[in-house]
Amino acid sequence: MCIRDRYQRRVRGTYFISALWHGFYAGYYLFFLSSAFATWISRDFRAKVRPYFLTSEGKSLQPWKAIYYLSGFIVCQYLKGYLSAAFVVLSFDRGLHLWAEVNFFGHRMLIAGFLFVQAFSLFAPTKKPFVSSA
């Protein structure tokens with residue numbers, strides 16, 4: 001079994017247990033299972049894309065680093081607000097209705113991020129991440 005497969009199951013399991021811990025409202029499950037997908041994509045994005053913002057010595061490329069982190073912060077804050085709507089309303093129907101009001105834009109962002117990371121890992125030139133020798 002691949003380590004990545006075990007990792008993905010562990011993340012999904014953790015979020016599922018968190019939903020159970022909060023209760024049996026469907027909004028919790030919408031939030032936590034969507035958040036598991038967001039966590040998986042963000043960690044995959046960081047592992048595959050972030051090395052391109054570092055030099056071979058592990059130092060950052062200053063102007064690009066700021067853009068990378070600022071855009072990541074904005075996307076993260078938007079997705080937290082978007083996904084948490086289902087958590088707040090508790091209901092499956094009302095959660096989906098709130099997401100439908102914005103045309104499931106957060107989920108579309110997640111799918112686009114997933115496709116970008118997959119395409120990026122296929123077509124990007126290989127660049128090994130910096131690993132400290134200390």
Side-chain angles (χ1 to χ4, degrees):
M1 179 187 317
C2 179
I3 291 174
R4 182 178 171 152
D5 292 338
R6 282 187 272 156
Y7 167 75
Q8 289 172 2
R9 275 188 277 171
R10 191 172 62 221
V11 168
R12 285 189 307 249
T14 300
Y15 278 103
F16 183 73
I17 295 299
S18 295
L20 283 174
W21 177 263
H22 281 82
F24 294 104
Y25 291 106
Y28 295 144
Y29 296 92
L30 287 174
F31 169 75
F32 282 110
L33 295 178
S34 295
S35 295
F37 186 57
T39 300
W40 173 53
I41 292 170
S42 66
R43 289 181 181 176
D44 208 23
F45 190 90
R46 181 178 172 88
K48 292 179 180 173
V49 177
R50 186 172 181 266
Y52 290 89
F53 293 91
L54 301 174
T55 64
S56 59
E57 296 83 32
K59 296 179 181 174
S60 63
L61 303 170
Q62 284 302 346
W64 294 109
K65 176 186 174 189
I67 293 169
Y68 172 80
Y69 283 120
L70 182 62
S71 60
F73 177 78
I74 291 169
V75 168
C76 180
Q77 295 305 314
Y78 172 78
L79 283 173
K80 281 193 317 186
Y82 168 82
L83 293 175
S84 65
F87 188 95
V88 173
V89 298
L90 302 175
S91 167
F92 184 81
D93 294 338
R94 289 171 48 199
L96 288 180
H97 177 73
L98 283 172
W99 288 346
E101 288 292 318
V102 291
N103 295 317
F104 295 96
F105 188 72
H107 284 89
R108 290 179 187 211
M109 283 176 54
L110 291 173
I111 292 168
F114 171 77
L115 294 174
F116 175 79
V117 169
Q118 299 310 311
F120 188 83
S121 61
L122 288 175
F123 299 114
T126 57
K127 180 173 182 178
K128 295 182 180 179
F130 174 74
V131 178
S132 176
S133 59

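The chain is numbered in sequence order, starting from 1. Just so you know, these numbers use all the heavy atoms, side chains as well, and skip hydrogens, waters and symmetry mates.
In the hydrophobic clustering of this structure, Val88 does not group with Leu96; members are Ile, Leu, Val, Met, Phe, Trp, Tyr whose side-chain heavy atoms approach within less than 4.5 Å, directly or through other members. Hydrophobic clustering places Val102 together with Phe104 (ILVMFWY residues linked when any side-chain heavy atoms are closer than 4.5 Å, directly or through intermediates). Both Phe31 and Leu79 are part of a single hydrophobic cluster, where members link through side-chain heavy atoms under 4.5 Å apart. No continuous path of ILVMFWY side-chain contacts below 4.5 Å connects Leu98 to Phe37, so the two sit in separate hydrophobic clusters.
Within 6.0 Å of CZ in Phe105 there are 12 or fewer heavy atoms belonging to other residues, nucleotides or ligands.
Atom CH2 of Trp40 is separated from atom CG of Leu110 by 11.0 Å, given to the nearest 0.5 angstrom. In this structure, CH2 in Trp21 is found 11.0 Å from CD1 in Ile17, a value given to the nearest 0.5 Å. Atom CG of Leu115 and atom CD1 of Ile41 lie 8.5 Å apart (nearest 0.5 Å). Rounding to the nearest 0.5 angstrom, the gap separating the OH atom in Tyr29 from the OG atom in Ser34 is 14.0 Å.
Of all heavy-atom pairs spanning Gly95 and Val89, the tightest one is N-CG2, 3.5 Å. Nearest heavy-atom pair, Ala86 versus Leu30, reported as atom, atom and distance to 0.1 Å: CB-CB, 3.8 Å.
Ring centroids of Phe116 and Phe45 are separated by less than 6.0 Å, placing the two rings close together.
Remark: His22 pairs with Tyr28, Phe32, Phe87 by the ring pair (Phe, Tyr, Trp, His ring centres under 6.0 Å) rule, at least two apart or across chains.
Contacts classified as side-chain hydrogen bond (donor to acceptor under 3.5 Å, both in side chains) and involving residues 70-95 (residues at least two apart or in different chains) are given here: Tyr82-His107.
Checking Tyr68 against Arg46 by side-chain atom types alone, no donor-acceptor pair falls below 3.5 Å.
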